[in-house]
Amino acid sequence: MSRQELKTRVIFVGVGGATCSGKTTLAKHLRSILPDSVIIHQDDFAPPQELVPYHPIYKVQDWDAAPGAINWPRMIEFLHQVKATGVIPEEHYSHDHLNEQKAVPVDFAVKDKWRTEFQRIKEDNLKAGRRVIWGLVDGFLLYWHPEVIKELDVRIFLRVPHDVLKERRHQRHGYHTAVQSDPEGSLWRDPPHYWEQIVWPAFVDAHRDMFVGGDIEHGALTEKVKDALVVDALAQGMAEVMEQCCSALIRAPASA
């Protein structure tokens, strides 16, 4: 059967959590075992630096408050387009390769087991006339906008304690962001007290209705994203996290 005759199904996997929770690391490990997979970084839908709003109290640019942190219409249209066509638009550009990331290895046996399993699923799908494309969508605000939530077929949330996130953020040297005049973007460095005044309050505000009592660190899920897999990432090694996530992916529609 030719590729043109295959029925294409795009499965979007949301990998959400706070900044420095390990989202992109997990997404890259999943990409290494999932055939026909691609990572879509929510950060690539942030507005150019010139258009980022200023915080009304602290008078610094606010990259974290949900309403202005992402160009929501552009991201939603992008997800719609990819799900309909199975193709990443040629003009889409990512800055992720410019950002600093620490390696977090996974036991080879774990990866090999799941790589073999998903390859078997791919072959079964092809025999049934289906081609499955995995879109791994990673981002710190994945579960804020209802239209984005609706597009995600599998929803993963990495839960990491506040103090650990704060320490990791302070150890980072910066983030590459889009600017209108330079396709390579520019390096953003946090101003003093940015975590305490901007980052963490904005994250809590964007996710309080996702957890009972607004308890980001310990609360159970509300109806907003009731079927999400909440992973206590710090309490487990990456191999255990991968086992949990792959077990969820294997139950996704058209993957079984």
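- In this structure the side chain of V132 never reaches within 4.5 angstrom of the side chain of D36, judged on heavy atoms.
- In this structure the side chain of K150 never reaches within 4.5 angstrom of the side chain of L152, judged on heavy atoms.
- Around NZ of K224, the count of heavy atoms belonging to other residues, nucleotides or ligands within 6.0 Å exceeds 12.
- Within the 4.5 Å cutoff, the side chain of V38 has no heavy atoms near those of the W134 side chain.
- Ion pair R120/E117 flagged as a salt bridge, since at least one NZ, NE, NH1 or NH2 atom sits closer than 4.0 Å to an Asp/Glu carboxylate oxygen.
- Using a 4.5 Å cut-off on side-chain heavy atoms (C-beta onward), I198 and H55 make contact.
- Here the rule is side-chain contact (heavy atoms from CB on, under 4.5 Å) with C20, and of K166, R168, H170 only R168 fits it.
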As a quick check of understanding, evaluate side chain to side chain contact (heavy atoms under 4.5 Å, CB included) for L136 and I40, giving each step before the final call.
CA-CA 6 Å; L136 301 161; I40 299 166; over 6 Å; no

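- Salt-bridge formation is detected for the pair K83/D153: a Lys NZ or Arg NE/NH1/NH2 atom is positioned less than 4.0 Å from an Asp or Glu carboxylate oxygen.
- Using a 4.5 Å cut-off between side-chain heavy atoms of Ile, Leu, Val, Met, Phe, Trp and Tyr, with links allowed through other members, I57 and W63 fall into the same hydrophobic cluster.
- Taking both residues in full, the closest heavy atoms of P47 and G68 are given as CG-O, 3.6 Å, listed atom of the first, atom of the second, then distance.
- Within the 4.5 Å cutoff, no side-chain heavy atoms of V154 are placed close to those of F12.
- Checked by atom type, the side-chain pair Q236/Q244 shows a donor-acceptor distance below 3.5 Å.
- Taking the six-membered ring wherever Trp is involved, the centroid distance between the rings of W200 and H162 falls below 6.0 Å.
- Using modelled atom types and a 3.5 Å distance limit, the side chains of E167 and Q171 yield a donor-acceptor pair.
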Salt bridge (Lys or Arg N to Asp or Glu O under 4.0 Å) evaluation trace for K226 with E223:
CA-CA 5 Å; K226 63 180 180 180; E223 290 293 313; 3.5 Å; yes

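- Ring centroid separation for the pair F203 and F140 does not come in under the 6.0 Å cut-off.
- There is no side-chain donor-acceptor pair under 3.5 Å between S37 and R31.
- Every residue two or more places apart in sequence or in another chain was checked for a side chain to side chain donor-acceptor pair (under 3.5 Å) with S247, and none qualifies.
- Taking the side chain as every heavy atom from C-beta outward, T19 and L165 never approach each other to under 4.5 Å.
- Using a 3.5 Å distance cut-off with no hydrogens or angles, the side chains of W114 and E243 do pair a donor with an acceptor.
- With salt bridges taken as basic N to acidic carboxylate O contacts below 4.0 Å, none links D43 and K23.
- Between H207 and F157, the two ring planes are tilted [angle within 30° to 60°].
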